[in-house]
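A short worksheet on the structure shown next.
Read the numbers this way: they start at 1 and go in the same order the structure lists the ligands and their atoms.
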Amino acid sequence: MKFMKALSCATVLAGCVFSSASAADMTVGFSQIGSESGWRAAETTVTKQEAEKRGIDLKFADAQQKQENQIKALRSFIAQGVDAIFVAPVVATGWDEVLGEAKDASIPVILLDRTVDADKSLYMTAVTSDLVHEGNVAGKWLVDTTAGKPCNVVELQGTTGSSPAIDRKKGFEEALKGHDNLKIVRSQTGDFTRTKGKEVMESFLKAENGGKNICALYAHNDDMAVGAIQAIKEAGLKPGKDILVVSIDAVPDIFKAMAAGEANATVELTPNMAGPAFDALAAFKKDGKEPPKWIQTESKLYTQADDPQKVYDAKKGLGY
Ligand code: GYE
């Protein structure tokens with residue numbers, strides 16, 4: 001509980017001696033969305049590793065994709081008097097009340113990999129990629145690759161109402177502006193999962209002349225793309241050739257598909273959002289230093305030209 005004293009000092013601002021104890025006396029509650037994708041599972045693994053490295057007691061709650069379970073978990077963490085809360089918010093809205101309760105309890109909240117539509121004073125910082133930029137990078141890759149040739153695009157969106165689904169769509173559409181050869185003819189949520197991604201792609205293929213009208217797939221994450229690749233193959237078409245495949249996350253399995261020529265490009269999202277979050281928390285605990293409201297992680301484009309087998313082998317051990 002030493003951290004709480006330090007926190008109250010920070011709130012009082014002047015004349016406080018901040019806790020000199022290490023992070024080892026810190027307890028952090030982590031409300032995780034679930035394990036809908038390979039990337040999410042890796043984020044959970046890495047978060048636990050990062051807590052272990054710092055001797056932090058991590059209380060983990062899996063919400064099974066339900067916001068009400070996340071809100072319950074946050075209330076339980078507040079009741080337990082944890083030193084801080086991490087949350088990956090499944091959707092962007094509906095957080096004001098519970099974040100207000102955490103603020104009233106002087107418990108700092110850090111958002112991981114997704115953002116919320118709430119007053120920024122209700123959380124300490126958000127550790128996320130630039131989700132709009134990711135969609136933009138994917139769109140620009142498709143613009144360059146099609147080089148003016150007519151191309152009907154189908155889109156597998158992430159979880160409805162989540163900040164990545166909203167922002168990745170926005171960024172992709174911005175990139176396509178002014179390139180009338182590219183048309184998004186179908187767009188539907190695949191909820192970031194392989195199963196749903198396959199199912200929705202099957203419906204797109206059926207609706208678009210068995211897939212012959214489709215030139216490219218943009219999936220908001222690799223797991224939906226991997227599911228869709230299966231559907232494209234089962235429809236007798238060659239993914240990566242008959243239908244270009246571009247997605248986001250850069251999980252190992254998309255590199256396996258790339259190495260087989262079945263996927264074309266992905267935008268990397270690090271699963272290590274917790275490292276920067278724990279560092280920001282430690283700096284605040286030590287001397288009350290508030291982090292910026294956004295700690296941005298890198299986004300890097302990978303294509304088949306980047307030795308996908310080598311990238312697959314390198315990524316395999318990193319929590320996936
Ligand atoms: O791309 C996906 C996961 O919130 C940005 O959530 C994250 C997304 C990620 O389901 O694989």
Side-chain angles (χ1 to χ4, degrees), residues 30-47 62-67 69-70 86-93 95 110-117 123 125-139 155-172 189-198 200 217-229 245-255 257 263 265-277 294-302 315 318-320:
F30 176 29
S31 169
Q32 178 57 299
I33 291 172
S35 51
E36 74 282 359
S37 69
W39 182 89
R40 180 73 51 200
E43 183 188 55
T44 294
T45 303
V46 172
T47 301
D62 180 324
Q64 312 279 321
Q65 313 295 325
K66 292 190 174 65
Q67 182 178 29
N69 290 344
Q70 292 201 281
F86 289 2
V87 53
V90 61
V91 291
T93 54
W95 298 97
I110 297 185
L111 308 179
L112 300 187
D113 73 79
R114 295 187 185 179
T115 53
V116 297
D117 295 347
Y123 58 87
T125 186
V127 183
T128 79
S129 57
D130 181 336
L131 296 156
V132 174
H133 175 66
E134 291 171 333
N136 214 265
V137 168
E155 179 183 23
L156 289 170
Q157 296 180 35
T159 301
T160 303
S162 68
S163 62
I166 294 162
D167 289 349
R168 286 174 177 170
K169 181 169 187 46
K170 181 165 175 261
F172 186 76
T189 183
D191 215 10
F192 284 129
T193 70
R194 291 189 185 201
T195 309
K196 201 90 172 72
K198 180 171 188 279
V200 175
L217 161 67
Y218 167 52
H220 291 186
N221 82 332
D222 295 341
D223 280 64
M224 293 190 290
V226 168
I229 285 167
V245 178
V246 54
S247 53
I248 301 171
D249 279 351
V251 298
D253 281 352
I254 203 68
F255 291 98
T266 185
V267 183
E268 185 173 51
L269 176 74
T270 176
N272 186 4
M273 304 280 173
W294 181 24
I295 299 173
Q296 183 185 341
T297 61
E298 293 303 304
S299 307
K300 179 180 177 334
L301 177 69
Y302 281 91
K315 276 181 172 271
L318 304 178
Y320 292 96

Salt-bridge present (Asp223, Arg40; N to O < 4.0 Å): no

Could you report the tightest heavy-atom contact between Asp130 and His133, atom names first, then the distance? OD1-N, 2.9 Å

To the nearest 0.1 Å, how far is atom 10 (O) of ligand 1 from its closest protein heavy atom, and which atom is that? Glu36 OE2, 2.5 Å

Exercise: do Thr128 and Asp113 side chains pair donor with acceptor under 3.5 Å: no

Quick one: which ligand 1 atoms are inside 4.0 Å of a heavy atom on Ser37? 2 (C), 3 (C), 10 (O), 11 (O)

To the nearest 0.1 Å, how far is atom 5 (C) of ligand 1 from its closest protein heavy atom, and which atom is that? Arg168 NH2, 3.4 Å

Asp222 side chain vs Ile254 backbone, donor-acceptor pair below 3.5 Å: no

Do Val251 and Ser37 have side chains that get closer than 4.5 Å, going by heavy atoms? no

Among all protein heavy atoms, pick the one closest to atom 7 (C) of ligand 1 and tell me residue, atom and distance. Asp113 OD1, 3.4 Å

Give the atom numbers and elements of ligand 1 that come within less than 4.0 Å of a heavy atom of Arg114. 3 (C), 4 (O), 6 (O), 7 (C), 8 (C), 10 (O)

Any cation-pi pair here, Lys300 with Tyr302, using under 6.0 Å and within 45°? yes

Counting from 1 in the order shown, the ligand 1 atoms closer than 4.0 Å to a non-hydrogen atom of Phe192 are 2 (C), 10 (O)

Could you say whether the N/O atoms of Asn221 and ligand 1 ever approach to under 3.5 Å? yes

Please list the nearest protein heavy atom to atom 11 (O) of ligand 1 with its residue and the distance rounded to 0.1 Å. Asp249 OD2, 2.6 Å

Below 4.0 angstrom from a heavy atom of Leu269, which ligand 1 atoms are there? Numbered from 1 as shown, please. 1 (O), 5 (C)

Within the 4.0 Å heavy-atom shell around Arg40, which atoms of ligand 1 are there? 3 (C), 4 (O), 6 (O), 7 (C), 8 (C)

Taking every heavy atom of Gln32 against every heavy atom of Ala88, the minimum-distance pair comes out as OE1-CB, 3.5 Å

